[in-house]
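Read through the structure below, which is laid out as structure tokens, and then see the notes.
Positions are given from 1, in the same order as the sequence printed here. Just so you know, these numbers use all the heavy atoms, side chains as well, and skip hydrogens, waters and symmetry mates.
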Amino acid sequence: MFTGLVEEIGIVESITGNQEACRLRIRAQKVLEGVSIGDSISVNGICLTVTSFSLRHFEVDVMPETLRHTSLRQLQRGQKVNLERAMKLGDRFGGHLVSGHVDGTGTILSLQLHTNAVRFRIEATAELLRYIIPRGSICIDGISLTVVDVNESSFSVSIIPHTLASTSLQDRKPGDRVNLEADMIGKYVERLLLHPRNEQKADKPQMASQSRLNLSFLQENGFA
């Protein structure tokens, strides 16, 4: 689990493999503090497992499924990536709940200067846009951001100078692909509402209102 607060910008030192699977070596410093083999690090919003490390870099393996659904396929040597270690229980929680499981990618359509901020407009699929709401949370390349507006084909976010200077967004331009992870709460709510059991209850409204909390239920679950 992550918060979407980028800890540092890493640099891709090497990419070995092909378009089906690869290994990344990323130069870093802060995220290596206390690192162990098997730890999770978010790389541009993607939860990846540390397979080896040194004092100045770490390596991760990227499987076909990850390459297929993220922008890692377009990574190049020397490119900047956003890094965040998995959060610890009790840490300050400043962003929003981020799993590191990317829902898909979007394409930057435009960048517009708005006083002290830069507004990014990003094109996304209808499948992704249904989870994105104005003033809601969205994770873009591992960065927790607030949605400004949404239309039928895209949404926008406004980036303050600090975020721009502290993340790889500083190098982004129209046409670039970014990883998107929608707020997980919306996805879980949709799943629960569309569950077959709920559809059955909708067909029988008189049963839907009946409570399962009775003596038999409590006994079966060890409360009596």
Side-chain angles (χ1 to χ4, degrees), residues 1-7 31 39-49 65-66 68-72 81-109 117 119-160 162-164 166-169 172 177-203 205 208-209 211-213 221:
M1 189 67 69
F2 306 91
T3 67
L5 299 184
V6 174
E7 293 187 273
V31 298
D39 282 356
S40 295
I41 293 180
S42 171
V43 179
N44 274 0
I46 306 161
C47 179
L48 297 174
T49 301
E65 184 72 8
T66 302
R68 188 158 41 245
H69 294 287
T70 71
S71 66
L72 288 187
V81 288
N82 298 317
L83 304 177
E84 180 192 356
R85 291 168 291 185
M87 66 180 296
K88 295 179 180 178
L89 189 64
D91 278 356
R92 185 183 296 276
F93 190 70
H96 72 279
L97 292 173
V98 177
S99 67
H101 301 158
V102 172
D103 293 307
T105 60
T107 302
I108 297 175
L109 295 177
R119 181 171 293 184
F120 282 64
R121 178 154 294 279
I122 298 173
E123 182 181 46
T125 63
E127 183 179 2
L128 270 169
L129 287 170
R130 75 171 185 260
Y131 300 119
I132 301 174
I133 62 172
R135 307 301 181 268
S137 296
I138 183 73
C139 188
I140 301 177
D141 272 355
I143 309 163
S144 175
L145 295 167
T146 300
V147 177
V148 174
D149 63 61
V150 186
N151 60 34
E152 67 281 356
S153 61
S154 65
F155 68 95
S156 71
V157 291
S158 191
I159 314 296
I160 62 173
H162 172 76
T163 301
L164 204 59
S166 304
T167 69
S168 64
L169 287 181
R172 293 301 194 182
R177 291 178 66 197
V178 291
N179 296 314
L180 303 176
E181 182 186 334
D183 191 343
M184 67 173 67
I185 295 176
K187 291 181 284 186
Y188 277 116
V189 169
E190 180 187 63
R191 175 61 177 165
L192 288 171
L193 291 175
L194 296 179
H195 194 280
R197 288 181 61 183
N198 291 326
E199 293 177 359
Q200 293 172 7
K201 288 182 180 180
D203 294 336
S209 61
S211 173
R212 295 182 60 215
L213 187 60
N221 289 273

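Using a cut-off of 4.0 Å between Lys/Arg side-chain N and Asp/Glu carboxylate O, Arg68 and Glu65 are scored as salt-bridged.
At a cut-off of 3.5 Å, with distance as the only test, no side-chain donor of Asn82 or Thr167 sits close to an acceptor on the other residue. At a cut-off of 3.5 Å, with distance as the only test, a side-chain donor of Arg177 or Thr105 sits close to an acceptor on the other residue.
What you find for Phe120 and Leu169 is that their closest heavy atoms are CZ-O, 3.9 Å. Looking at every heavy atom in both residues, Ser99 comes nearest to Cys47 through O-CB, 4.0 Å. Smallest separation of non-hydrogen atoms from Ser154 and Leu109: CB-CD1, 4.0 Å.
Looking at Leu128, Ile133, Ile132, Asp183 one by one, the single match for side chain to side chain contact (heavy atoms under 4.5 Å, CB included) with Ile138 turns out to be Ile132.
Of the possible donor and acceptor atoms, none in the side chain of Glu181 sits under 3.5 Å from a partner among the backbone N and O of Gly142. Glu84 contributes a side-chain N or O that, together with a main-chain N or O of Thr3, makes up a donor-acceptor pair within less than 3.5 Å. A donor-acceptor pair is defined here as one N or O able to donate and one able to accept, closer than 3.5 Å; no such pair exists between the side chain of Asp141 and the backbone of Val178. In terms of modelled atom types and a separation under 3.5 Å, the side chain of Arg172 and the main chain of Ile108 share no donor-acceptor contact.
Asn151 has its side chain within reach of Arg121: a pair of non-hydrogen atoms, C-beta onward, lies under 4.5 Å apart.
Considering NE2 of His69 and NE2 of His101, their distance stands at 13.0 Å, rounded to 0.5 Å.
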